[in-house]
Every structure is written in C-alpha cells, then in structure tokens.
Amino acid sequence: MKFLSALAATIFALAVWQAIVSMTGLPKFILPGPALVAETWWQSRWLIAEHTWITAIEVLIGLCCGTLLGVVTALQLANSRAARVLVQPMLIFTQALPVFALAPLLTLWLGYGLWSKVAMAVLIIYFPITSSFFDGLMRTPPGFLDLARTMQASPRAVLWHIRIPAALPALASGMRLAAVYAPIGAVIGEWVGSSQGLGYLMLLANGRAKTDLMFAAMLTLGVFSILLHMFVRRATARMAGEAR
Amino acid sequence: MTPAPDLTFSGTATINGVTLFAPLTLTIGAGAWTCLLGGSGVGKTTVLRLIAGLETGAEFSGQIAASDGQSVPDRVAYMAQDDLLLPWATVVQNVSLGARLRGEVVDLDRRDRLIERMRLQDHMAKKPAELSGGQRQRVALARTLMEDRPIVLLDEPFSALDARTRADMQDLAAEALQGRTVLLVTHDPAEAARLGQSITVMTQLGLTPCDPPKAPAPRHVDDLETLETQGALLKLLREAA
Ligand SMILES: Nc1ncnc2c1ncn2[C@@H]1O[C@H](COP(=O)(O)OP(=O)(O)OP(=O)(O)O)[C@@H](O)[C@H]1O
Ligand SMILES: [Mg+2]
C-alpha cells in the first residue's frame, strides 16, 4: 500500500513536471523535461555514480561520527551537573550559528578533501542527536527510578540498565532526523569547496548551463537521501521499540 | 534476610506549609499485614514513600524506625499500582532486575522457582507488552519476592485489575508474603477487610484503628464477618468526608 502510494505520487509529479514543460515551452537549459533528464542520467550514469559514491562516503562517516559524538555528549550532560551548566548553553549557541557561515572556515581548516564535508555533516547532525538522546535520558519514568532506588542501585547501574534503554527510542528519532540532515551538510560542504561529490557536480553542471545534468544529480541526491532515511529507520526499529 | 521487624511511623507532614497530616503514629506489626485505608489525597502514598525513603512533595518531621534498630529503606521491597515493568526487558530479566542493578549474580534457581510459583513459566521470554494486566502484576510480585526483603510496601498494587484477577492476586500475595512485615496502602475497604491483620483508616482527622475480622487472612470474599468489616470501614471513610 505504502509502495503503491509512493509510486502514484511519483507518476503524478512526473506528469505535472512534463505538463509544465509542454505548456510553457521553456527552453531545456531553463527547465528540462523528465524524459531528457532521464536520458542524461542514463548517459552520465558512471559520472553520477562516481560522485554519488563520494557524497555517500562523506555522509556515512559523518553520520557515524556525529552519532557517536552526540551520544557521548548526551551521556556526559546527563551525568554531570557541571557539564550541563557549562556545555548546554554553548551547544545552544552553536545551533544559533548558521552552518553555511561555518562551511568556508571548515574548508580553510580541514582542506578541500573528505574531512571538511564530514565535519559539515557532523556539525549539522550533532545537535539533533545530542538533544534528543539527552532529553530521553532526563525523562526516565520516575517510577523506574523509585524502584531502582529501593533496590539500592548505583547511579552507574541505573544509567546502564534503566536510563539508557529508556532513552533509546528518543535516540532513534534523533538518528532518523540526522539521516535527513547529514546529506544536506555534506552537500553544503561540497558547494563551498570541493572537486568531487554530488554537490560539486550540481554546481559544475549549473555553471555550464547543463541543467539536465544538474537535475539528474539533484534527483539522485534525493533518492539517496530517501534510501538512507529508510535504511536508518529500519536499523533503528528495534531501538525505537517497534516491531520485534 | 533479617527477621521481619516492627515498624513505627510517627510524625507530621506539610506541603508548601500546608498541613497534609497532623502528628500521627502508625505501628506496623512484625511479620503481619497492616492495611492503611483512606480516601484519595489523604496522604497514604506519602506515608508509604516516606517509609521507603523515596522523594515526596511533602516535608516530614518525625521518626520512622524499625524495632531492631536497623535501617528501614535498605530493607524494603516496593510494589506500586503501576507494575513498573521495564518494557524492553523480558519477564525473566524483569524478575531479576534487583540483582542486576546491584551487580550481583542472579540466583537462577530461585528466579525460576518464583516464576513457576507465579505460574509464569510459559511467558519467561515475553516482553511486558505481550502480557495481560494480571500476568504483569504477577511478574511484579515475582520481582518483589525475588528481592527477599523483610519489609514489603504495597501501594494499591491490585487496584487496576478486574475483580476476579484482583481476588486471585490478593490470595497469591497473601500466601507469598507470609511472615514479612507488609504495609498495604489501599482505598478499597473490601481489600483491607480481606487482607488486613491490622487495619487503620486514615482520614483528614487522623488515624482510626479498626478491628480486623477473626478469620485468618486471606479471608473468603463471602465471609460474613469480612463483609461486615468492609461495611464498617466504608462507613468510617464516608463519615470523614
Ligand atoms: N510531589 C508532590 N508535590 C506536591 N504535592 C503533592 C506531591 N505528591 C502528592 N502531593 C499532594 O499530597 C496529597 C497526598 O498525596 P498522596 O499521593 O499521598 O495521596 P494518596 O492518599 O495516596 O491518594 P490516592 O489514593 O489518590 O493515591 C495530595 O493532595 C497531593 O496533591
Ligand atoms: Mg496513592
């Protein structure tokens, strides 16, 4: 059913797209039709695949590092009052900074290669991961904590056996959000300075008025993001306490 | 396990300067079931949580002591209306939670014996969401027994169950907790009349002791004297309101 509705929506969107192209008669360097984009995509499939591979690597490394960093930060925050007082305001402040503004700096510090993009992805997902997991850790049902107390549990044991498992669904929703944001981060990084990746390819195609290639790259990025999101959804289903 | 001690609770509690209960003294007999019966909001849960050493919204001044002079909170097992089963853990994991939290080795034989005694052997690997309300309370009772504490504090543990399951659970708990010092907090006169070896009614005016029926607990649900006691308790509750 879900698949059918996705299929129907795709066909509908393609039809609308084609209708706009046919009715307005816009030149193909302004708005190429779906057929042309599909053709270009097929012709440039190896080029696109190469750049997709680069972006995918950046996103996956970014996701792993960002999740790890976010989880560790949330645990520290949940465990120590001092950390909450010192770090929490900083965390919120960094969220107020536009990530776009940081991208050139990261390129300056980390170079043109992989790591400045990974850093962008990490930056953009760090906050959702940290804050969702931290919230989960601080919202343990109080009855569980009472019970643990009457059982003479140490704070460490409570964290390990109760607070962390109780917070996993919150972490799962943070990770699902991160899966959507991480590709955005990596592509921003590529726009600011790179010689590889889907962001780079889009910029390049745009600059040469190869709008069809630009569309092909963009749609590939979209499909990649959706697949990544679906994958992370699946991977976190157990954590979220869904379907055993 | 140390032998079950007498408990004495005496003192007064205020919430934001407003008196919750005036000075009162509650004695909980060693190795017996004491039922504290009262309407909603009189402070039953507060009394029980104070004894367990848990947070309450109230400020307490007074004394909570065991007859053998040893610490009370270190020797209680606690069971609440909400079964407090960890939803991600299986039945066996929930039953052995205490030992795992203390980093002790779980006594597997004891655990399995208790699970069998609670007739849960067919559900050992299930998660709480796969159990009925009565089964869940039996897991909670098994977990409470697994703790093997001389003092057991029960806060309306059966009130969310249907009448039949509740009566079954009352029988099971009465039998399983024999010989321990039990404080059962409840708003159900029938429950107090069935289970109490000592019954105290708590109202805004203070505590009123009430004679329990002579039959040994758990009494039959249709025992005449038990029904009379139930009526008398309900009358006491309504007079106070
Ligand atoms: N954490 C809290 N902060 C402030 N007030 C509280 C808190 N907990 C309880 N109270 C108040 O204390 C009073 C007694 O509460 P308590 O839970 O002890 O009642 P109870 O006799 O157990 O009632 P019930 O039968 O409904 O469970 C209530 O009026 C309640 O509003
Ligand atoms: Mg209560």
Side-chain angles (χ1 to χ4, degrees), chain A residues 67 70-72 74-75 78-81 84 129 132-176 232-244, chain B residues 45-46 48-57 71-90 93-104 106 125-130 139-140 143-157 160 183:
Chain A
T67 303
V71 164
V72 171
L75 284 172
N79 250 349
S80 131
R81 212 190 161 73
R84 283 202 288 282
I129 297 267
S132 61
F133 191 38
F134 173 68
D135 277 354
L137 288 169
M138 299 310 275
R139 278 200 211 136
T140 316
F144 292 165
L145 300 178
D146 291 342
L147 187 67
R149 196 162 168 169
T150 64
M151 292 172 163
Q152 275 87 43
S154 66
R156 242 182 107 91
V158 173
L159 184 70
W160 187 247
H161 289 289
I162 294 180
R163 291 176 70 194
I164 291 179
L168 287 183
L171 176 59
S173 66
M175 286 172 68
R176 290 166 181 191
V232 171
R233 239 197 136 70
R234 276 276 171 87
T236 55
R238 266 184 80 99
M239 270 167 70
E242 293 158 4
R244 267 167 309 253
Chain B
T45 295
T46 305
L48 184 128
R49 291 178 64 91
L50 285 167
I51 296 174
L54 296 173
E55 291 279 309
T56 65
S71 152
V72 176
D74 290 348
R75 289 186 293 164
V76 303
Y78 166 70
M79 194 172 161
Q81 173 179 349
D82 182 351
D83 51 58
L84 298 179
L85 299 182
L86 304 178
W88 58 83
T90 61
Q93 288 168 336
N94 267 296
V95 171
S96 56
L97 178 67
R100 289 191 298 129
L101 280 176
R102 288 185 296 272
E104 296 167 1
V106 179
K126 287 191 185 164
K127 301 264 172 79
E130 299 165 89
V139 179
R143 181 187 60 202
T144 308
L145 291 170
M146 189 72 190
E147 287 297 277
D148 200 19
R149 301 287 174 90
I151 304 164
V152 180
L153 304 174
L154 307 173
D155 193 352
E156 303 186 15
L183 174 63

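Excluded from the calculations below are hydrogen atoms, water molecules and symmetry mates; all remaining heavy atoms, backbone and side chain alike, are included. Sequence lines set the chain letters: A, B, ... in the order given, protein chains first and strands last, and positions in each chain run from 1.
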If you take all heavy atoms of [X] and [Y], which pair is closest and at what distance?
{"X": "A:Ala157", "Y": "B:Leu101", "answer": "CB-O, 3.1 Å"}
{"X": "A:Pro165", "Y": "B:Trp88", "answer": "CB-CE2, 3.1 Å"}
{"X": "B:Arg100", "Y": "A:His161", "answer": "O-NE2, 3.5 Å"}
{"X": "B:Arg102", "Y": "A:Gln152", "answer": "CG-O, 3.7 Å"}

Answer yes or no: are there more than 12 heavy-atom neighbours, outside A:Arg149 itself, under 6.0 Å from its atom CZ? no
Heavy-atom pairs under 4.5 Å with chain A - which of B:Arg49, B:Met79, B:Gln93, B:Arg75 has more of them than the others? B:Arg49
Is B:Leu54 in contact with chain A via its backbone, its side chain, both, or neither, using a 4.5 Å heavy-atom distance? side chain
Side chain, backbone, both or neither: which part of B:Leu85 has a non-hydrogen atom closer than 4.5 Å to chain A? backbone
Bottom line for A:Leu145: the part with an atom under 4.5 Å from chain B's heavy atoms is neither
Approximate separation, where rounding is to 0.5 Å, of A:Leu147 CG and B:Arg143 CZ: 4.5 Å
